[in-house]
Structure formats: structure tokens, C-alpha cells
Amino acid sequence: MKIETKSVHVTPVGDNLFADLGFGPGQSAALKADSQRIISEKLIIKNSLMGELAKWIDENQLKQVEAAQILGVSRPRVSDVVNGKSTKFTIDSLVDMLARTGKNIVLSIR
């Protein structure tokens with residue numbers, strides 16, 4: 001028995017995924033705006049955490065290999081942190097790395 005794995009039909013995505021899923025114009029615009037706000041907020045958090053990690057590496061004059069050993073990640077992951085590739089990390093993984101530096105992480109909700 002052969003299982004077909006080739007795509008036979010692909011629908012091109014439009015400007016608004018929610019509209020593509022069938023939501024009405026008003027609701028799809030609101031959902032898109034809300035999702036973009038959430039993504040922006042998460043990117044701000046990630047960039048802040050990554051900045052703290054990069055600063056710690058710089059202040060301690062660590063080579064990426066040394067930082068990787070302390071942070072419990074690979075050297076390429078440290079490179080991704082230093083180069084600000086925030087899409088490659090979750091907030092949780094960045095918090096874990098910061099905890100390994102001995103820094104205290106405080107969560108504040110407003």
C-alpha cells in the first residue's frame with residue numbers, strides 16, 4: 001500500500017489569515033490586530049531577555065563556547081542570542097538561560 005504525501009491543492013494565503021479562515025471583515029481585522037499586538041509584546045520581552053544575556057556575556061568577557069557551557073546550550077544557540085535572533089527562542093528558554101547566569105528574574109504584571 002502506497003500513501004500519497006504530495007500536496008495536490010494549495011490555497012494561497014491572503015493578507016489576513018482570519019479572513020482566509022472565514023471570519024467576517026470586522027472580526028478578522030480585530031483578530032489580526034490583536035494577534036499582532038500579542039506578537040509585538042512577546043518580541044519586546046524576548047529582546048529584553050536576549051539583551052540581558054548578551055550583556056552578561058560581554059561583561060564577563062566570555063567566548064561563545066564558554067557561555068554555551070554555562071548556559072547549557074550549544075555554541076550556535078549563543079550566537080543566535082548575541083545576534084538577536086529572537087524567533088529561534090521561547091521566553092521560557094531565555095529565562096532558563098538567564099537563571100543559569102545567577103541572575104534573579106522578576107515577573108511583573110501591570
Side-chain angles (χ1 to χ4, degrees):
M1 175 162 77
K2 183 179 176 186
I3 298 173
E4 184 61 50
T5 59
K6 186 177 178 183
S7 295
V8 292
H9 175 75
V10 177
T11 302
V13 68
D15 179 49
N16 186 332
L17 174 65
F18 299 103
D20 294 343
L21 291 172
F23 291 94
Q27 189 177 15
S28 66
L31 288 167
K32 180 180 177 184
D34 194 39
S35 67
Q36 288 175 326
R37 179 190 53 79
I38 292 167
I39 291 168
S40 293
E41 289 173 357
K42 287 184 180 184
L43 284 175
I44 289 168
I45 294 168
K46 285 182 180 184
N47 289 332
S48 175
L49 296 171
M50 292 175 78
E52 286 296 319
L53 283 166
K55 182 175 145 186
W56 172 80
I57 292 167
D58 187 51
E59 287 174 346
N60 290 283
Q61 300 176 345
L62 297 172
K63 292 184 167 53
Q64 288 186 2
V65 171
E66 297 167 328
Q69 290 173 334
I70 296 167
L71 299 175
V73 297
S74 66
R75 200 254 349 126
R77 294 290 280 167
V78 173
S79 177
D80 291 338
V81 166
V82 171
N83 291 310
K85 295 182 179 178
S86 60
T87 58
K88 294 189 171 196
F89 297 93
T90 63
I91 292 171
D92 186 52
S93 66
L94 294 167
V95 167
D96 183 59
M97 284 187 268
L98 275 168
R100 291 172 185 258
T101 69
K103 292 186 178 274
N104 293 319
I105 294 100
V106 178
L107 176 64
S108 174
I109 302 171
R110 292 182 246 154

Does a side-chain heavy-atom distance below 4.5 Å link Met97 with Leu49? no

What heavy-atom pair brings Ile105 and Val95 nearest, and what distance separates the two atoms? CD1-O, 3.9 Å

Please say whether more than 12 non-hydrogen atoms of neighbouring residues, nucleotides or ligands are located less than 6.0 Å from CD in Gln61. no

Are Leu31 and Leu17 connected, step by step, through hydrophobic side chains (Ile, Leu, Val, Met, Phe, Trp, Tyr) whose heavy atoms are closer than 4.5 Å? yes

For the side chain of Arg77 and the backbone of Gly72, is there at least one donor-acceptor N/O pair under 3.5 Å apart? no

List in chain and number order the residues that pass salt bridge (Lys or Arg N to Asp or Glu O under 4.0 Å) with Lys63, two or more places apart in sequence or in another chain; answer none if no residue qualifies. none

Got a sec, which pairs hit side chain to side chain donor-acceptor pair (under 3.5 Å) with one end in residues 43-57, sequence neighbours left out? none

Output all residues satisfying salt bridge (Lys or Arg N to Asp or Glu O under 4.0 Å) with Asp34, sequence neighbours left out; order by chain, then residue number. Arg37

So which pairs with a foot in residues 92-110 pass side chain to side chain donor-acceptor pair (under 3.5 Å), sequence neighbours left out? Thr90-Ser93, Asp96-Arg100

Residues 78-85 side chain polar contacts: donor-acceptor under 3.5 Å, at least two apart:
unit_1: Ser79; atom_1: OG; unit_2: Asn83; atom_2: ND2; d: 3.2
unit_1: Asn83; atom_1: ND2; unit_2: Ser79; atom_2: O; d: 2.9

Distance (rounded to the nearest 0.5 Å) between Glu66 CD and Ile57 CD1: 10.5 Å

For the side chain of Lys42 and the backbone of Ile91, is there at least one donor-acceptor N/O pair under 3.5 Å apart? no

Between the CG atom in Leu94 and the CD1 atom in Ile45, the distance rounded to the nearest 0.5 Å is 10.5 Å

Residues in side chain to side chain contact (heavy atoms under 4.5 Å, CB included) with Ala19, at least two apart? Asn16, Ser28

Heavy-atom closest pair, residues Ser86 and Leu43: OG-CD2, 3.4 Å

